[in-house]
Structures are given as C-alpha cells and as structure tokens.
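Structure, as structure tokens:
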Amino acid sequence: MTKIREKNNRKVLATKKDTQKSWTVSIIIIAFLFVFIFGSAYMNKKLQEEMVGIQYDATLKFSVDKSMYDPGETIILALSTSSNSLETSKGKYLVNVKYLNETIDTIEGVWETTSEGSIQEEIEWTAPNEDFKGYLFELDILDSEGHAIRHMNTAADVSSTWTKFPRYGFLTNFDKDIDTEAVIEQMNDWQLNGIEYYDWKYLHHQLIPEDGTMEWQDWAGRKISGETIKSYIAEAKARGMTNMSYNMIYAATNNYAQYGIKEEWGLWYAEDHEAGKNKGDRFTFSMGASPTGQSNLFFFDIQNPEWQNYIIQKNLEALQVMGFDGWHGDTVGEWGKMWTHDMIGDETQGIYVKDGYKEFLDIAKEKLDSYYLSFNPVGAQGIEQVNASAVDVLYAEIWPWDTTNDGEQYNTYQSLKNVIDNSRDQSDGKSLIIPAYMEYDYAESVVSEPFNMSAVLLTDAAVYAAGGSRIELGDGDEMLSNEYFPKHNLYMSDEHKVRQKALQNFIVAYQNLLRDGLEDNDKLIEIVHHNHSENGDPNTIWTYSKSGNGFDTIQIINLLGVSDNDWRANEGKKETPTRIENVVVKYYTDDSFESAWVTSPDPAYDSVSKELSLEYGSDEKGSYVRVSAPSLEYWDMIYFSHLKK
C-alpha cells in the first residue's frame, strides 16, 4: 500500500487585492475538491483491493537472503522480478528500517531493468550488534519522477541461535535430482529458521545403512538419497537454518534383533488398553503396509540404560555422518501403564513412559554435547517433564481429545494459549512449537483442495499472539494437515499464500513483543460497541494484555461471526470473521504511556505500525486509556510504550 507521508504547509499572504484573493481561494477550493474526490476514490479502491488480496504483484519479490543473522552481520535485501510489471524501466527505492515503531535507518538507491526486462537489485544493511532483535523493512518503489508505484515489506531476525525464536518447517522429499537450492529458497521466503527432516532415515534403530551407502528406502518404500539430504543441509546452513534429524526415542522395527537390541529392553502392556492390545501384550504399533517389511514399531524402555546408550549413540552417529545440527525426538504418545521385562505379570508394578522423559532427555542432551535436541510429547502428555528438561526448544503435537492433568481438553483456541503459557512458565521462557493439524478428517477425504484460510489464520493468531510458534510450512510451499508429513491433500490458495507470507514476516518483525519476556497482566479490556471475551468465546472479540520490557500489549483476535472456538476445523468449515472498523478499546490501567501503536499481519496494516491517540479517563470500573484502531480483520496487536523514567 503506497504511503503518502508529506505534509504540505502553505502560508497565504494577504497582500493582493480582494478580487485576486477571491480568485485564489476559488482555485484552491476547486483543487481541494478534485483531490478529495479522486483521492478518496483511489484510497477506497486501494482498501477494497487489499481486503480481497488483489493488490499483490506475483512477479515482484522483496526478501532477505537468510532466515537469521548474527548481530553485526550484513543483511542483503533482494528486490527482483521475473518480468517487469512496473510499467517503467528505472526509478528509485526507499527502504525504512524499523524496530517496532521506530525508524532506525533509511536506505535510498536507484533501480533499473536488465536487458531482459527484469529487476535484480541487492540492498545491503548492516545489522546492529544487539542480539535477538526483529526488524521490519518497508520498501517504497518509486518511478523516475519520484512517484510511489509499489509498497512491500519484509523482515529479518538478528539472533545468534534459533532457540530463542524458533520458526520450524519440514522436509519429506529426499529423492535424487531435487533442486535443493530452490526448495530451501522457498523455505527461506517463509522465514523458517529450523527444519525437521521427516522420515529421512533407513531404519528407526539404524538410521544409515551399515555399509555406508547413501541410497536406501524408508519403511514406506520411498526412495531416499543421502546426497540429497546433505545438499539440503548445506543449502539450509548457508541460509542460517538449523537442521534437525527426525527419529523416535524408543522405537525399532521388525529386524531389531539383528542389530544387537535385546528383547528384555522392551515394554509390555500392564493393563487392557483397547481392542487387540491386552495386558501382557508387547507394546507395538503398526505403521501400515511396507514394501521393506519394516512396518511394525517395537517400543523399548527409555529408562533402561542399555537402550539409552544404544539409541542415543545411533542418533549421534547419524548427526555426525550426515551433517545435521540436532535430533528431533518423537513418540506415539502415552498408552498407559507398562511393564518392563522384569515386571511382567506383577499387578503391583508398572511405569508410564512419560514419567521417564526428563531423565532420558537430560542424558541425551549431555551425550549429544553441542548438538541441539527437541522432542515431541504427543498430545502434550508428559509435557511438564519435557518443559523441565534440557531440550533446546519445546515442541508438542496437539490433539483435541487429549487433556491436561486437570481434565481440560486441548480443543479450543484458549486451550492452545494455555499450553503455551504453561510451557513458557515451566521452561523459564521457552516458546512452544505446536503442530496442530488443520481440517484433519476433511483433508483425509479429498485430494487437492484448498485449505480453509480463515481456519488456518485464526489458529495461527491464537498460537502466535500467545507467544508460541507453529510447524505447518515445508516441502517448498506445502502446509500440514496430517501427522504423516508427506501427505499433502490440501493446498494454500494464492490469497492464502500472500497472507501467510505477511504473517511470517509479522512474527519476525514483532518477535520482541510476541515472545520475548512479556507476560499476562490480567488487566480489564473493553471493546466498545462489540461483544468481547477474555477466553476466546465464539462470536466475540478475544482480548488479553501483557506487560514487560517497557511495553504493554493488547492482543485482539476477531471471532465475530465465527460460530465455534474449535481450532481444528475438522470438517473443513470455519466462517470468515466479520471485519469491523473504528475499533474502540478501553484499557483499564493506572499507567501513563509515551505512545500507542497498532499493527497486524492483515492487509490493512501489512505489519506497519500506526500511531494511535491516547485518551485518559475513568469510570466505575477504574482508570483507563482509550484508543481507536482503524480496523480489525483477523488479528490486531496494540502496543503501548511506557514513559521513560
């Protein structure tokens, strides 16, 4: 959206005759009416275009060269087109570098089309030496006359490690002859700084073939090229991404005895669980038909020292040979009380796998040394153990039927916020990554249908506003709807991709407000003239506030016109929120502020912060500050800067 920032200050000198003055005034009035009529029509057209995603120019790209930068590193901003859609062959550009609402630098330059008619410009900016900061780059493209013809944004994360602000993606295609550079470039465009390499391995208990070959089949018969994996890793590291090897912490497949794994390290059901899984049965899991004959998982006791030594060493070898940066451990969830080999048949004994998570993870992290460790307690069962462990980043696959220790289901937007808040509190500030598979049953029933964009954006807003993160993007530009990551039955529409890109930039630009030390302050918030709630009730505007680091924030998520607060949209249905304008907010607080701003990933803002007027008052509920945001579509964030002492 083109921004006009100039203020025209004119001083009229009354030194001419009355007739000349009247004529001058008439001209000014006519000019004003012309600008008002045609300018208003233009701005209204722009707003309408933004609302439906028409304004996006698919031929034009503005991006950063890496997903993450060290403090003081040079950031390269790339402005490029596949063809020239700007209707002119040269011009100027202006980049405003923003930290939150503050413009900290301005970059100016010229652009010109190549002989082929495209644009290929690189703009360099040296990041400050401060660690763990997010920056927004607002680009105005001007023609040779200085008229703004395009406005675009991108963002950069200046952080020395990905663990502070993880943005996790995935890869599943490891066949030969893949253009790994192109795929990783797409992942970089999504601002992903960590990659989970899903089902890349040969066997769960022998990740690379014993003879050292770099070609094999996984359990499902998919062709895997070790050289492709190594190429992905090299390309990703060049982009600042962390590469995590996916493998379970306690599983082996059918031929495990051939590798020296002992049966007495195993686990057996200590209670009847469900059909076909009875007390005394071996704890196993069938993955389905397998051309390799390795379709069954056999589970082992993670508290058994011999199993610990075996599986940790096998994963460490894989990290070293392939060049990964860490191990992403997985489970199949909590399946009730188990017997170890020496407990079988003793009704007085039994263990729960989740109770051993912390011990296993702490030992694994120590043995992995400089490698990263992440882990998935499926359904957030045993998440308290993981939050207190030595893992580098938190990750929990959420299913709506699982419950907290207090019996609360993980099926609502509020439940996602709760698990994020609890994990941050229990882990001393870590940001929980959530795989929450959207439209699950609907996706299983169709092939090549678009995601419900509203469902995805609302779940994303619920997670990111709370200070969490998502894993949903990968394999170039695919999005998850299933726990088996190679399955892609749904796709993002063009408009969805535009909005998702804007969201990915937003969470980088405002990472210091979203997940860098701000905590809920439980202050009263009122949205004047609209239904609102503190816990994400349907057909309300969901609000809550946080404080920290000299700021207060108000998260505003629009559920007006949305008939349920179920995040999953299992049948593929979710209403689009009712867009509103002039969102009047009363924030009850005794604090005074230096300034107030509103921003959003939605098109009306496109991550730009807009200053708001502050109006202080009081009523029977207490003292408040009142602000008015121009609009609310999916998710707005208002932030207040405290007066400097």
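- In this structure, the separation between OH on Y168 and OH on Y395 is 6.5 Å, given to the nearest 0.5 Å.
- The main-chain N or O of T578 is found under 3.5 Å from a side-chain atom of N558 such that the two form a donor-acceptor pair.
- At most 12 non-hydrogen atoms from other residues, nucleotides or ligands lie less than 6.0 angstrom from CD of E181.
- Among E575, M438, E439, the one residue that satisfies the side-chain contact (heavy atoms from CB on, under 4.5 Å) test with N452 is E439.
- For W125 (side chain) and V97 (main-chain N/O), no donor-acceptor pair under 3.5 Å exists by modelled atom type.
- Between the CG atom of L518 and the CG atom of N549 there is a distance of 5.5 Å, given to the nearest 0.5 Å.
- The distance from atom CG of D189 to atom CD1 of I184, rounded to the nearest 0.5 Å, is 11.0 Å.
- The shortest distance between side-chain heavy atoms of L513 and M637 falls below 4.5 Å.
- A side-chain donor-acceptor contact under 3.5 Å links S533 to the backbone of G536.
- Inter-residue side-chain proximity for D475 and L171 is flagged as met; some heavy-atom pair is nearer than 4.5 Å.
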Check step by step if salt bridge (Lys or Arg N to Asp or Glu O under 4.0 Å) holds for D516 and K164.
CA-CA 8 Å; D516 190 18; K164 177 79 169 178; 2.9 Å; yes
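- The pair D460-R470 meets the salt-bridge criterion, since a charged nitrogen lies less than 4.0 angstrom from a carboxylate oxygen.
- Between the CD atom of E102 and the CG atom of L136 there is a distance of 13.0 Å, given to the nearest 0.5 Å.
- Atoms OG and CZ, from S80 and F62 in turn, are 10.5 Å apart once rounded to the nearest 0.5 Å.
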Checking ring-ring contact (aromatic ring centres under 6.0 Å, His included) for the pair W597/F640: CA distance, chi angles, key distance, verdict?
CA-CA 6 Å; W597 304 78; F640 301 88; over 10 Å; no
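- Judged by distance alone, the side chains of D157 and Q511 do bring a donor and an acceptor atom under 3.5 Å apart.
- Checked against a 6.0 Å centroid threshold, the rings of Y624 and Y587 do not count as neighbours.
- Side-chain contact check for N521 and S545: at least one donor-acceptor pair (N or O, by modelled atom type) lies under 3.5 Å.
- Listed for the D65 side chain is a donor-acceptor partner under 3.5 Å among the backbone atoms of I76.
- Between K237 and D325 there is a salt bridge, since at least one side-chain N of the basic residue sits less than 4.0 Å from a carboxylate O of the acidic one.
- Both the sub-6.0 Å distance and the 45° axial angle are not jointly satisfied by K98 relative to the ring of F137.
- Y372 and T161 share a side-chain donor-acceptor pair at under 3.5 Å.
- By the 4.5 Å heavy-atom criterion applied to side chains, H488 and E478 are counted as neighbours.
- Atom CD of E534 is surrounded by 12 or fewer heavy atoms from other residues, nucleotides or ligands within 6.0 Å.
- A salt bridge is defined here as a Lys NZ or Arg NE, NH1 or NH2 lying under 4.0 Å from an Asp or Glu carboxylate O, and E633 with R499 meets this definition.
- Side-chain rings of F551 and H642 stay apart, their centers remaining 6.0 Å or farther from each other.
- A salt bridge links K417 with D520: the distance from a Lys NZ or Arg NE/NH1/NH2 to an Asp or Glu carboxylate oxygen falls below 4.0 Å.
- Side chain of Y510 to main chain of S607: a donor-acceptor pair is present (N/O by atom type, distance under 3.5 Å, no hydrogens or angles).
- Between the S481 side chain and the Y437 main chain, no donor and acceptor come within less than 3.5 Å of each other.
- Side-chain atoms of D421 and R424, non-hydrogen and from C-beta on, do get closer than 4.5 Å to each other.
- Using a distance-only test at 3.5 Å, with no hydrogens or angles considered, a donor-acceptor pair links the side chain of T81 to the main chain of I119.
- The pair E185-K61 counts as a salt bridge, with a side-chain nitrogen and a carboxylate oxygen less than 4.0 angstrom apart.
- Between the side chain of H151 and the backbone N or O of L139, at least one donor-acceptor pair lies under 3.5 Å.
- Between K92 and E108 there is no salt bridge, since no side-chain N of the basic residue sits under 4.0 Å from a carboxylate O of the acidic one.
- Side-chain contact check for D131 and S160: at least one donor-acceptor pair (N or O, by modelled atom type) lies under 3.5 Å.
- Side-chain atoms of N193 come within 3.5 Å of backbone N or O of F165 as a donor-acceptor pair.
- Between the side chain of N188 and the backbone N or O of S67, at least one donor-acceptor pair lies under 3.5 Å.
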Is there a ring-ring contact (aromatic ring centres under 6.0 Å, His included) between W635 and Y464? Walk through the geometry before answering.
CA-CA 10 Å; W635 169 29; Y464 286 116; 7.1 Å; no
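- Between R150 and D140, no side-chain nitrogen of the basic residue sits less than 4.0 Å from a carboxylate oxygen of the acidic one, so the salt-bridge criterion is not met.
- Here the straight-line distance linking atom CZ of R167 with atom CD of Q504 works out to 8.5 Å at 0.5 Å rounding.
- For the pair K90 and W111, the NZ or CZ position fails the cation-pi test of under 6.0 Å to the six-membered ring centre and within 45 degrees of the ring normal.
- Residues passing the side chain to side chain contact (heavy atoms under 4.5 Å, CB included) test with N539, sequence neighbours excluded: none.
- Residues K523 and D591 are paired through a salt bridge, judged by an N-O separation under 4.0 Å between the basic side chain and the carboxylate.
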